[in-house]
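Read through the structure below, which is laid out as structure tokens, and then see the notes.
Everything quoted here is computed from the prediction, not taken from an experiment. Reminder, nothing fancy here: chain letters follow the sequence lines and each chain counts from 1.
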Amino acid sequence: MENLIIPCKSRPPELPTHLAFRQEVPLENPNQHRPVVSLPRRNAPRSNFDSNISHLCRKGEIHEAVELLGRVRGKVRPSTYEGLLDACIDRNSIGLGRKLHSLVDLVVEADGFVQTKLVGMYAKCGSLDDARKVFDGMRDKDLYAWSAMVGACSRAGRWEEVVELFVSMVRDSVLFDGFLLPKILQACGNSKNISVGKVVHSLAIRRGMCTHVRVCNSVLTMYAKCGDLKSAHRAFDCMDERDDVTWNALISGHCHQGNVVEARKLFDAMRGGGLDPTSMTWNLLISGYSQLGNWEVAVDLMRKMEDNGIAANVFTWTCLISGCGHNGQQAQALDLFRMMLIAAVEPNRVTLACVISACASLQTLNRGIEVHSLAVTLGMADHVLVGNSLIDLYAKCGDVKAAEQVFDAVSEKDLYTWNSMIGGYFQAGYSGKAHELFTRMMESGVECNVITWNVMISGYMKNGDDDQAINLFRRMEKEKIKPNTATWNSLIAGYAHNGEKDKALGVFRQMHSCGVPLNSVTILSLLPSLANLISLNKVEEVHGCALRRDLDFVTSISNSLIDAYAKAGKIEYSLAVHETMSSRDVITWNSMLGGFVLHGHDRSAIKLFRVMRNQGCRPTRGTFVSLLKAYGLAGMVDDGKRVFTSISEEHSIMPAVEHYLSMVELYGRAGRLSEALEFIENMPVEPDASIWMAFFTACRFHKNVSLALAASENLVNLEPSNGTFHDLLEQASALCGGTLSKGIQKDQATQRLVGRSWTVIDHQVHEFTNGNSDQHSELHPLLKRIDAGSREFEPLPA
DNA sequence: GGAACTACGT
């Protein structure tokens, strides 16, 4: 197909057989398919009925006109129908249009002009499906009919359908003209269908249309959008005349591939050639840098643009905001939005959608509500694009009621609307409501897509209903929706999340045998669930799959492997993965550091931290948690203290509870209990249960009962979780030599505690007080507290 | 003829 991109003057290549014409079309008269009047009725003299109906129509009394037509059908000319259909389009009244359609008689029905007008009426009044039905029912489709249908699909953004229409059109021996060609090329570009795009290009050459700059621009754009920049450049080189659109299309192509360097070069070459960049050119470049996350350069370009007398417009700002959003800089996006408003640039629907989506990611409901009210002021709140983002915002912030209200207010719902609302119900835990809406969606004739099914399946998985998820997964086949990688990933992630690691692995293997391509999400969902001492061979199996698909170069996967191997007891494998990595991020170092600490390799961890610093990697909170633990293991209390001080002083990181916890453990392990207590008492924040628990453990280890008692008193005052109570009880009993959990399986006990049942504690307290109360008198305050707590909850039925 | 676009999976 490479040889299709040739200068216009050369001989075009042969068409693929499936696109061969049924009959040869003479090329010299491209308009020959525009029919001249073909039916006798069209030439019929204008009757009184025609005049009366047209008169009513002109007066705006269209209902009366349609009424009259109903009484005299069969006696009016097709052109009168056309006038009425135009009136329906003007009023956007599909109801009247339908009525008119029902009044079309047999003779008028045979008129291609009226049929084409009907296609246009249905499409413009919002029912593309009805338009398609009329179109499919037409016996002889001329170029006007094809143009109407292609135009309708283009306006609706149904690019694949436009491409299909083009293929059938060629099979029908109808060829495009100068009006239709750009639309078809646009569709090829937007649907990334380069093979049909090349056919269109070759036909355009064959018909001598590639001499106009507009046609060439369409061709170039098609190649650029399909990502074939080599062909785009060749088309560029073949052009005798170029305008700003030509340059912009090429610049846009490079920006979309993330190649801003080449885009910048073209920008300079354009200026060198004496052509001034337009605001479009600047916006393309700004968008390119912004999408790469390089928003400093993007903002700089915006300033330069304004210095050159081109004002930043809504597109410029939206490009910047969207770029921040895509690069995890949501707070930055909101700042830019504020700046945009200060600059008095009015946001449009796309801007609002981006900003609301940023609020949703940040879960800042208040800012979201501000933007919502702005959208109301601008009259855009009920628009489908804005509404969809709002539904997602309210769902993510936990306000399902508000999400529901927006859902109801959006009159022209699309797939995003339904899918977001269904997802919102699942996020709030309303599986039943989600299913109800899913059923309503199916019944109202909306065609679900694979994402709808994925939302349902992952929603059920998240809510712990595996059976329903699997049922839906099986139902997909019947509904002729092919599960994609994300569908399989939902099942794997769901099982892994619910602790069913064998089932997760089973689905993974099935996915593999079905030939479904896996991606990094697949691996990242599965690996952590296999990170335990008995799963080494399974980690290796998944590692193998990643290797075979070249996914081991994905940093996040390597990071996950380091973690999994460490937890599976093979720190040397973790190290091997770490050594072979081409690019390491801070998570890589943190995982390796954590692995060393887990295996008690304190000196290796301390050494690794130095390597990390030498390679210029900025440590994070997590780094210091592991590092302090390493110093604790090494018994290097004073060095640990220095590291702790450096967290805030050198690295400007506010120490978090985990760091204080590591310090308490560090003191505790070294037996420096009074120093630990002093450290706890001097903490700038209130010590939480984990801190006191660590101190308690240290006291227990060093057999200091009085300090342990102090710790336990502080602990119970904090109303710790059931799990902490359980641990505390176990340790307390061990400290005093008792047998607290006698007769109770630990797993069983934990399981019931998780369900917020206090039965176990009740039982233990009972055993504690009735059994060995004398022996444990020292822990009396603790017991009283537990006893009081146990009455606040209804025990689960046995 | 050219720019920004919301829903699922870590």
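At the heavy-atom level, A/Leu385 lies under 4.0 Å from base atoms of the strands shown. Residue A/Ser420 is in sugar-phosphate contact alone, with no base atom involved, counting any heavy-atom pair closer than 4.0 Å across all strands shown. Within the nucleic acid shown, A/His212 has no heavy atom closer than 4.0 Å to any nucleic acid atom. Looking at heavy-atom distances under 4.0 Å, A/Val245 makes contact with a base. In this structure, A/Lys413 reaches neither bases nor backbone, as no heavy-atom distance under 4.0 Å exists between it and the strands shown. Residue-level contact check: A/Ala249 touches neither bases nor backbone, having no heavy atom under 4.0 Å from any strand. Among the heavy atoms of the strands lying under 4.0 Å from A/Asn348 is at least one base atom, whether or not backbone atoms are also near. Heavy atoms of A/His383 sit nowhere under 4.0 angstrom from any nucleic acid atom. Looking at heavy-atom distances under 4.0 Å, A/Thr278 makes contact with a base.
A/Phe267 and A/Trp247 have their aromatic ring centers separated by at least 6.0 angstrom. Taking the six-membered ring for Trp and the full ring otherwise, the centers of A/Tyr425 and A/His435 sit at least 6.0 Å from each other. With ring centers used as reference points, A/Trp453 lies 6.0 Å or more from A/Phe473. If you look at A/Phe315 and A/Trp282, their ring centroids are not closer than 6.0 Å. Ring pair A/Tyr223/A/His201: centre-to-centre distance below 6.0 Å.
Cation-pi geometry between A/Lys413 and A/Phe407 is met: under 6.0 angstrom from the ring centre, within 45 degrees of the axis.
For DNA chain B, the outermost nucleotides in 5' to 3' order that have an atom under 4.0 Å from a heavy atom of chain A are B/dG1 to B/dT10.
Checked options A/Asp276, A/Asp244, A/Thr278; the residue passing with A/Met270 is A/Asp244 (criterion: side-chain contact (heavy atoms from CB on, under 4.5 Å)).
Between the A/Thr364 side chain and the A/Ala360 main chain, no donor and acceptor come within less than 3.5 Å of each other.
For the segment residues 288-299 of chain A, no residue has any heavy atom less than 4.0 angstrom from an atom of DNA chain B.
Between the side chains of A/Asn519 and A/Thr522, at least one donor N or O lies within less than 3.5 Å of an accepting N or O.
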